[in-house]
Amino acid sequence: MLEFYTEYWPDYWDGTLVTLRLVVISFTLACIIGVIIAGFRVSPVPPLRSFASGYVALFRNMPLLVVFFLAFFGVGDLGFVFGPFPTAAVALGMYTGAYMAEVIRSGINSVSSGQAEAGRAIGLGFIPLLREIVIPQAVRTVIAPIGNLFIANFKNTAVALTISVFELTYISRKLINETARTWLSLLGAAIIYTVILLFAGWVFRTLEDRYAIKR
Amino acid sequence: MADALVEMRGVNKWYGELHALKEINLDIAEREVVVVIGPSGSGKSTLIRTINRLESIQEGEILIDGERLPEEGKGLAKLRADVGMVFQSFNLFAHKTILENVTLGPVKVKKMGKSDAEEKARGLLERVGVAHQADKYPAELSGGQQQRVAIARALAMEPKVMLFDEPTSALDPEMINEVLQVMLDLAEGGTTMVVVTHEMGFARSAADRMVFMDEGEIVEENDPESFYKGAKTERARDFLSKIITH
């Protein structure tokens with residue numbers, strides 16, 4: 001068993017790096033999209049609100065696999081061809097971004113209206129009000145749900161194997177094909193996912209404790 | 001009153017069917033202290049919240065220093081900066097320190113340098129007696145201290161007028177005086193103030209004028225002594241008998 005892992009460790013390592021890159025890019029994108037879409041959803045401008053609701057409805061109600069296939073084969077069929085990795089990063093980021101927008105919106109709604117009123121009363125406009133008062137408080141209450149999203153987003157990178165991104169799950173499947181040692185090939189990936197995500201869970205719990213608002 | 005700082009002209013507001021403000025005409029002169037009093041639900045909080053447009057109005061107009069309150073957008077934010085507001089529930093920014101609460105407006109709205117803003121903020125915190133709490137968070141302070149910080153936060157914008165919406169109603173009794181004292185000092189210093197409060201002591205020593213509201217309208221305006229001794233209207237006398245006898 002150990003020989004198997006010492007021999008194929010470089011493959012797992014390469015796959016893990018691709019997965020991590022995919023996570024960093026897609027999750028960063030999801031955070032940016034989430035903040036913008038959530039901002040739209042609470043904005044006083046009706047067309048922005050409609051756009052944001054539409055975005056969330058679209059990406060939250062499609063299976064991730066369909067999003068990936070649409071982004072890769074569908075968009076490719078329209079004549080816009082991008083590589084598997086950028087496609088996966090953007091597709092996953094947009095998908096997680098819809099969930100992120102909902103999480104942030106619920107956080108915004110959890111900030112008491114008096115906080116926003118006090119901000120308006122000292123003359124803050126809509127954007128500075130969100131940036132200085134509402135979002136910092138909302139983010140603190142949504143660290144735990146964002147942690148869940150991070151873990152989900154991390155595991156969802158595995159779907160990228162379907163469009164030939166050489167990430168961790170792709171690698172373990174490749175090893176099955178090459179070595180026929182199905183159990184060991186998959187166990188290696190399972191251990192790596194679990195160890196990294198246990199660590200991530202710990203980080204988010206620590207953040208939650210550190211940034212909890214004193215009330 | 002040649003030049004009113006705050007002018008309300010024919011202001012009407014409805015919440016659905018409820019006629020919350022009825023044909024309000026009110027002028028507030030510079031350096032004047034006006035106390036608004038009235039039963040719960042009489043519209044007094046709504047009235048002062050319209051002055052910085054935390055509540056919209058459907059009819060009439062409100063002018064601050066001769067400028068009409070705009071509907072929305074940058075102009076509104078700018079005019080709001082000229083109107084300080086102190087809330088019943090303090091509403092200090094929970095995620096910011098006391099010092100940051102006071103510097104936020106000057107830095108973000110008035111584009112003041114950070115060190116200048118901090119110096120000014122420390123001076124204001126000194127003035128309201130909470131300078132040594134500057135680095136704490138709001139929840140670590142007592143209600144009276146929080147409300148004094150809220151006053152300092154509003155003053156940091158150098159507003160033309162200060163609005164107080166029942167500033168002592170959420171306070172434990174022993175903390176009321178420390179807040180009223182700060183407000184008295186402001187009044188004596190010539191700050192223009194509109195105060196919704198039932199604190200008779202404050203009204204008697206600081207108010208230039210009492211405005212009594214009931215059912216969304218201004219029923220009586222009077223100087224404080226005459227108002228408490230012998231209100232002109234039956235409704236005001238009835239209200240006073242309810243709050244004073246105990």
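In this text the structure is predicted, and so the values were computed from the model without any measurement. All chains are named by letter (A, B, ...) in the order of the sequence lines, taking the proteins before the strands, and each is independently numbered beginning at 1. Computation of the quantities below employed the complete heavy-atom set of this structure, encompassing side-chain atoms and omitting hydrogens, waters and symmetry-equivalent molecules.
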Got a sec: does the CZ of A:Arg49 have more than 12 other heavy atoms crowding it under 6.0 Å?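 Yes, enclosed.
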Residues of [range] near chain A, each having a heavy atom less than 4.5 Å away:
| range | answer |
| --- | --- |
| residues 164-175 of chain B | none |
| residues 42-65 of chain B | B:Arg49, B:Asn52, B:Leu54 |
| residues 75-92 of chain B | B:Ala77, B:Arg80, B:Ala81, B:Val83, B:Met85, B:Phe87, B:Asn91, B:Leu92 |

Is the shortest heavy-atom distance from the side chain of [X] to the side chain of [Y] under 4.5 Å?
| X | Y | value |
| --- | --- | --- |
| A:Ser43 | A:Val45 | yes |
| A:Leu207 | A:Arg210 | no |
| B:Ile24 | B:Met213 | yes |
| A:Thr96 | A:Ser26 | no |
| A:Val56 | A:Arg41 | yes |
| B:Val6 | B:Lys160 | no |
| B:Val196 | B:Ile37 | no |
| A:Val75 | A:Leu70 | no |

Counting a contact as any heavy-atom pair under 4.5 Å apart, which residues of residues 120-129 of chain A contact chain B? A:Arg120, A:Ala121, A:Ile122, A:Gly123, A:Leu124, A:Gly125
Any chance you could lay out the ring-ring contact (aromatic ring centres under 6.0 Å, His included) test for A:Phe59 and A:Tyr55, step after step, and finish with the verdict? CA-CA 6 Å; A:Phe59 280 95; A:Tyr55 181 91; 4.7 Å; yes
For each of B:Met157, B:Arg153, B:Lys96, B:Lys108, tally heavy-atom pairs with chain A at distances under 4.5 Å, and name the one with the top tally. B:Lys108
Between A:Thr169 and A:Tyr193, does the side chain to side chain donor-acceptor pair (under 3.5 Å) criterion hold? Intermediate values first, please. CA-CA 10 Å; A:Thr169 307; A:Tyr193 279 118; 2.6 Å; yes
[X] and [Y]: which non-hydrogen atoms are nearest, and at how many Å?
| X | Y | result |
| --- | --- | --- |
| A:Gly83 | A:Thr87 | O-OG1, 2.6 Å |
| A:Ala98 | A:Arg60 | CB-N, 4.3 Å |
| B:Gly129 | B:Arg148 | O-NH1, 3.6 Å |
| A:Phe40 | A:Phe51 | CD2-CD2, 3.7 Å |
| B:Val33 | B:Ala187 | CG2-CB, 3.8 Å |
| B:Leu125 | B:Ala152 | CD2-CB, 4.1 Å |

Against chain A, label B:Lys110 side chain, backbone, both or neither, depending on which of its atoms sit under 4.5 Å from a heavy atom there. neither
